[in-house]
Amino acid sequence: MFSKVLVANRGEIAVRVMRACREMGIRTVAVYSEADRACLHVLKAEEAYPIGPAPAAESYLRIDKILETARKAGAEAIHPGYGFLSENAELARACEQAGIVFIGPSAEAMEKMGSKTSARRLAERAGVPLVPGTTRALASPEEAQRVAASVGYPVMVKAAAGGGGKGLRLVRSADEMPAAFRDARSEAENAFGDSDVYIEKYLEKPRHIEIQILGDRHGHVIHLGERECSIQRRHQKVMEESPSPLLDEAMRQRMGEAAVKLAREAGYYNAGTMEFLVDAQKNFYFLEMNTRLQVEHPVTEAVTGLDLVKMQILVAAGEPLPLRQEEIQLRGAALECRIYAEDPGNNFFPCPGRITALEAPAGPGVRDDSGVYAGWTVPVEYDPLLSKLIAWGADRQEALRRMRRALDEYYIGGIQTNLSFFRRILCDPDFLEGRLDTGLIDRLLATSPSEDSKQDGRWKAAALAAVLFAARQEGRVEAGSGGVSLPTRWGRDGREQLLRRLPLPRK
Amino acid sequence: MFSKVLVANRGEIAVRVMRACREMGIRTVAVYSEADRACLHVLKAEEAYPIGPAPAAESYLRIDKILETARKAGAEAIHPGYGFLSENAELARACEQAGIVFIGPSAEAMEKMGSKTSARRLAERAGVPLVPGTTRALASPEEAQRVAASVGYPVMVKAAAGGGGKGLRLVRSADEMPAAFRDARSEAENAFGDSDVYIEKYLEKPRHIEIQILGDRHGHVIHLGERECSIQRRHQKVMEESPSPLLDEAMRQRMGEAAVKLAREAGYYNAGTMEFLVDAQKNFYFLEMNTRLQVEHPVTEAVTGLDLVKMQILVAAGEPLPLRQEEIQLRGAALECRIYAEDPGNNFFPCPGRITALEAPAGPGVRDDSGVYAGWTVPVEYDPLLSKLIAWGADRQEALRRMRRALDEYYIGGIQTNLSFFRRILCDPDFLEGRLDTGLIDRLLATSPSEDSKQDGRWKAAALAAVLFAARQEGRVEAGSGGVSLPTRWGRDGREQLLRRLPLPRK
Amino acid sequence: MHYTLIANGREHVLEVAGRGPLACRLDGESFEAEAVEVAAGVYSLLMGGKSYRAYVARPIGRENPPGRAAETFTVQVDGVSYSITVQDPRRWSGGRGMATREGRQQVTAPMPGKVIRVLAQEGEAVGSGQGLVVVEAMKMQNEIKSRAAGTVRKVLVREGQAVAGGEILMLIE
Amino acid sequence: MHYTLIANGREHVLEVAGRGPLACRLDGESFEAEAVEVAAGVYSLLMGGKSYRAYVARPIGRENPPGRAAETFTVQVDGVSYSITVQDPRRWSGGRGMATREGRQQVTAPMPGKVIRVLAQEGEAVGSGQGLVVVEAMKMQNEIKSRAAGTVRKVLVREGQAVAGGEILMLIE
């Protein structure tokens, strides 16, 4: 086993990886940009080295600096987390040349599965059902129109190198195609340096369901059940759960087997995720593979009892998977909320800034994977993910109620967060009954939040607290051990303004 | 189901019960003494009422005030937590008369099992093995000597109403008996208002292993496996785990069946615990029953996936247990550390006071059941338990390593705690290998902690941090965004003391 | 003491007095409260037996410029968030004589960024939720919307201009 | 700047200087450190690539009375706790000329309570770990032990006396 691992990432996922390392007795090395000197992953690491200015392109994306740091620190392996360089085959190759283990798949498998068109070809070969469309890049708008006509409109024009909702266009008819084709190509070129696009049939109200797989370097691949990721906003996952309320054991097995077959076909090892679209008739179609740890891996950990990061490290060290497929059992249900520094009351505008107070939920069945602390300033340079809140329950209902309880306990002061938005989702009848699809959030946002929050005592308490806080700052209240009271005279400015006692009836 | 429950307790267990209620959609009512206005359970409750001065005898032990509050608030049931009135049959009876549900066993079952001599008689009748000794109170020192001679010295003289290590005397020979008999009786009279004592054979280096049971009002009783509670100091549990490293499936089944038989014999419903002593030959002997929720219930929750407080509430509402024995499966292993405000460096002297800062561990497999928060003052009037830290792992080793990681993350500032002591236990070879007995801590305390803590960089970091903190308070450092630096002149007192730059080689 | 509060574009009046239990009246409705500040900015309020924990903070991104007679706070009570502006009772000379004005609103930049587009002009009537200014920040274009209906009184920025967090972009009345 | 520290009954000298990276020397051993106070009383220290997070607090129960030339802090670094007394370099006139005195020790009451027994008399030699005073608090009798070997210089309390938390019970040299 490794004695020292460098984590080439920041924030919550770097902290997550370091926790696994600590529990394995592995020393951890952090890297940080100039904006991140005080970031939690630097504090949690046993070693930490600067790798450049705030922009990711000059720090977290610099393969040369990361490898140099690994060599200097004597790290035997590099964990890339998710995002940044995690799906960059160049890093995997550079590691190999430097004699450092990349905790991920081989560069070859990453390339095979990383390109969406290449992954679609592999899936075709493995006999895994695909969303109808092309498995090669399209040469012209005319070719795109021909293909679209054969699969039937509406279709999606998608970047082969895509991700994060970029280089995507929905096309509803042939005359929209030329503009959409052009726009998708140019966006793809800008975002990924690769303008290849292909076509997929657009499914109405599909569900996004993904299968977690684990493979070792000895050809063993298993799956750990599914995650339902249909709760999305702007093509970005917001909430995930496992198991999916849609799947039964038979369908889980069929999807799991398809995912394992495809991973084997690609010679894949490490943790990985096969994303599928599922239509209203419960047909599933392979969409793409993520050749890395997912943001939402904790829901799978909660129901399987496995530590996926430790599994990644074991496999990277060349050890065989310690489990067989038949030993994998799902227990209960788990949900994850991605807590972002963004303002749901203001069009989800990102809200970096100083966290003045922080109170995280705790107690039974609650896990908080946070990358922040009170006193820290969320920088403007990176993803505004603050924390992932996971609730487990013996069944979906208990997990839901626990999540609601945990959200009520969560307090992040000083910045706006989307915590209150999750409370809305968790009251939505469709959500509660498991009728999920990628349009749920947009429908929810189209309605205005209920105004009954002004009806109960909370509003009175809030108004009073705001006034007490404002008055305290002006030096107008006494906060003794017996409680807050308003003095009869203002002390600070010396004005002799007597407090008028209100003639109120006592209850 | 109840719509409102009063929690007749304080601190972490009151918070724990309220969390379960919230998740069940039940409104919670807190009661608090004058010392507890700002206690966490008051903040977490939906309603809160004062019940008297700080001494428990004038507040938390006042059945009349608690019932009056329940009536006033319209609570349909009372959860007693552990300690205080939880094993007081009078409260159970008073509830019944008032038409309020007591979330616990019937008063009769509580009395049958609450007296140790009566419980021993029941166990005898149920054919459950007992520690050799008497099942009736002893009339005189002479009778005690006769019994002791027949079971063989050493013996324990124990209070029939005992608990918490009070009214206990170890007697190694006949001539020690008269004094021990007298002392135990008078201590029992003072502590419990009941001077009855009985005799049990004293087992050398026994293990304390207990079985968690659950019974409903329809005669169904199941067990949820065992907890190993051998890590004790002064007869008080300090750390618990489930499963016990000692038990195999067959022994678990035998002990579980004995516990269930005994509970049935007593007509017991609610959660309950049968404590057993296990000798070096793995013989088990019934010791006593706790007719309430245990402090250490979370380790059972972690391995069974059940919420014991919810089960208590379900059963109290008259519902049948939702599970059969064969559905109970233990997964992985869990440990619990009881975090106390006490100073392990100073003979475990209790250390109440203001918590100036608090950082609780989080991440996978860690649960913190806390009753405190930063800014709160731990009062001198009650038990110094701050929090229970629970770590779960796929096996005992993972749980151990996770607990160590979690302890390293835990920070409670302003008061002394026993956190560092758990770190010592978690490095003890006997503990790591599961060779547990009630003498382990005393042996550990007889050795001095290793002094290697001064060898590594931590000591340098600590020394520097102390100096920076002291200097900051004197206004001598600048803490800019670029880090802490020492100015060349002291600003505050105007002395022109130039900072001497040290001629240090750069590394 | 009288305080004028603005929440969700609406004015409210809270009167508070007393030692020990506070005698309060919110928009004419009386209630009693016992308040303890249990930690900095955290209040435990007992009101007729009901227990509330209120966290108060000055949010970045919705800040008012210093020196103003009002300050906006974010208050979270048992999981529900409120944005409440408290007007200084001294500067508003008791606040009693003030007319309740609906929809007075400062439009501020939630964070540093660049103004990409100005969507409403001075004198224009705008509806609640209508887009006013587009600001680019953190590589995303974000439309700032009106919190209430009203008329644009003043536009303080032009397209292409860099703005600081909390900077006033527009005034609406 | 020179600081004299006492930890575990032993004196140490820490010299610190510099802007940006701090040049430090602890008991003659030189090292460099970069320090950031990331939250009140929480320091992130990078020393030769090693990362340490140090939490500093003034503990109750081990407090020194105000106005003294030294103050004791509890410092926790990555799970390990240290009790460190920092002497004021101004009052100790630079601290350089001071002789290192082993075992100078104030015995304080960790919390309010009542003195039940005084176990060592003035002039008596005591060993490390030897019981000095028994204080009853929270319904438990607790023996306060000597942290280092020395001679009892002064006994400041008598049996039966109530003591406050932090009150000095005995001086040992």
Side-chain angles (χ1 to χ4, degrees), chain B residues 343 345-354 356-357 359 380-381 384 404 407-411 413-416 419-420 423 453-454 457-472 474 476 479 482-488 490 493 495 497 499-502 504-507, chain D residues 1 3 5 7 12 14-20 22-26 30-37 40-43 45 47-48 50 52 54-62 71 73-84 86 88 90 110-112 137-138 140 142-145 165:
Chain B
D343 187 353
N346 193 8
N347 206 21
F348 295 90
F349 207 100
C351 285
R354 187 159 175 275
T356 55
E359 222 157 288
V380 296
E381 284 87 358
R404 224 183 281 158
L407 288 166
D408 282 352
E409 290 184 5
Y410 219 136
Y411 176 65
I415 57 172
Q416 302 293 328
L419 278 169
S420 62
R423 291 188 196 100
S453 62
K454 284 274 172 61
R458 279 188 282 217
W459 156 238
K460 282 186 200 141
L464 179 55
V467 160
L468 293 174
F469 189 73
R472 186 190 64 139
E474 304 277 333
R476 293 195 205 149
V484 176
S485 62
L486 292 169
T488 50
W490 303 137
D493 57 4
R495 279 205 268 157
Q497 186 172 356
L499 190 79
R500 199 168 58 88
R501 276 200 174 263
L502 295 172
L504 290 179
R506 298 240 161 185
K507 272 182 199 167
Chain D
M1 200 63 200
Y3 292 86
L5 312 178
H12 303 271
L14 176 63
E15 300 162 82
V16 187
R19 294 187 148 272
L22 300 169
C24 309
R25 193 181 336 213
L26 180 59
S30 298
F31 62 99
E32 229 179 49
E34 191 224 317
V36 176
E37 186 170 13
V42 186
Y43 294 87
L45 303 166
M47 291 156 42
K50 304 279 179 294
Y52 300 97
Y55 298 87
V56 189
R58 250 194 231 79
I60 315 178
R62 283 182 180 169
E71 197 170 9
F73 302 103
T74 300
V75 187
Q76 182 173 315
V77 184
D78 297 333
V80 179
S81 258
Y82 301 86
S83 178
I84 299 176
V86 179
D88 189 316
R90 285 175 303 176
M111 56 171 296
M138 278 179 120
M140 288 177 70
N142 293 280
E143 196 175 277
I144 298 166
K145 295 173 178 172

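Remember, predicted model here, so these are calculated numbers, not experimental data. Letters go in sequence order (proteins before strands), and every chain restarts at 1.
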### Query
Can you name the nearest heavy-atom pair linking D:Leu5 to B:Ala463, along with the distance?
CD1-CB, 3.6 Å
#### Entry: Residue selection (most heavy-atom pairs with chain D, distance under 4.5 Å) from B:Arg404, B:Glu409, B:Glu359
B:Glu359
### Message
Given 3.5 Å as the limit, does a donor-acceptor pair link the side chain of D:Glu37 with the main chain of B:Phe469, or not?
### Response
no
### Message
So for D:Tyr52, is it side chain, backbone, both, or neither that comes closer than 4.5 Å to the heavy atoms of chain B?
### Response
side chain
### Summary
chain B shares the most heavy-atom pairs under 4.5 Å, among D:Val42, D:Ile144, D:Val77, D:Leu26, with D:Val77
### Task
Could you check D:Leu22 against B:Leu468 for side-chain contact (heavy atoms from CB on, under 4.5 Å), going step by step and ending with a plain yes or no?
CA-CA 11 Å; D:Leu22 300 169; B:Leu468 293 174; 4.1 Å; yes
### Message
For D:Ile84 and B:Trp459: C-alpha separation, side-chain torsions, deciding distance, then whether side-chain contact (heavy atoms from CB on, under 4.5 Å) applies.
### Response
CA-CA 10 Å; D:Ile84 299 176; B:Trp459 156 238; 3.7 Å; yes
### Task
Could you tell me which non-hydrogen atom of B:Ala470 sits nearest to which non-hydrogen atom of D:Phe73, and how far apart they are?
CB-CE1, 3.7 Å
### Query
If you look at every heavy atom in B:Val467 and D:Leu14, which pair is closest and at what distance?
CG2-CD2, 3.6 Å
### Message
Using every non-hydrogen atom in the two residues, find where D:Ala57 and B:Thr356 come nearest and quote the distance to one decimal.
### Response
CB-OG1, 4.2 Å
### Query
Under 30°, 30 to 60°, or over 60°: which ring-plane class applies to B:Tyr411 and D:Tyr55, parallel, tilted or perpendicular?
parallel
### Query
To the nearest 0.5 Å, what is the distance between CD (B:Gln416) and OG1 (D:Thr74)?
4.5 Å
### Message
Is B:Ala357 in contact with chain D via its backbone, its side chain, both, or neither, using a 4.5 Å heavy-atom distance?
### Response
neither
### Task
Identify the heavy atoms of D:Ala54 and B:Ala461 that sit nearest to each other, and give their distance.
CB-O, 4.5 Å
### Part of D:Lys50 lying under 4.5 Å from any heavy atom of chain B
neither
### Message
For the CE atom of D:Met47 and the CZ atom of B:Arg458, what is their distance to the nearest 0.5 Å?
### Response
11.5 Å
### Query
With side chains defined as the heavy atoms from C-beta onward, is the minimum distance between D:Val80 and B:Arg423 less than 4.5 Å?
no
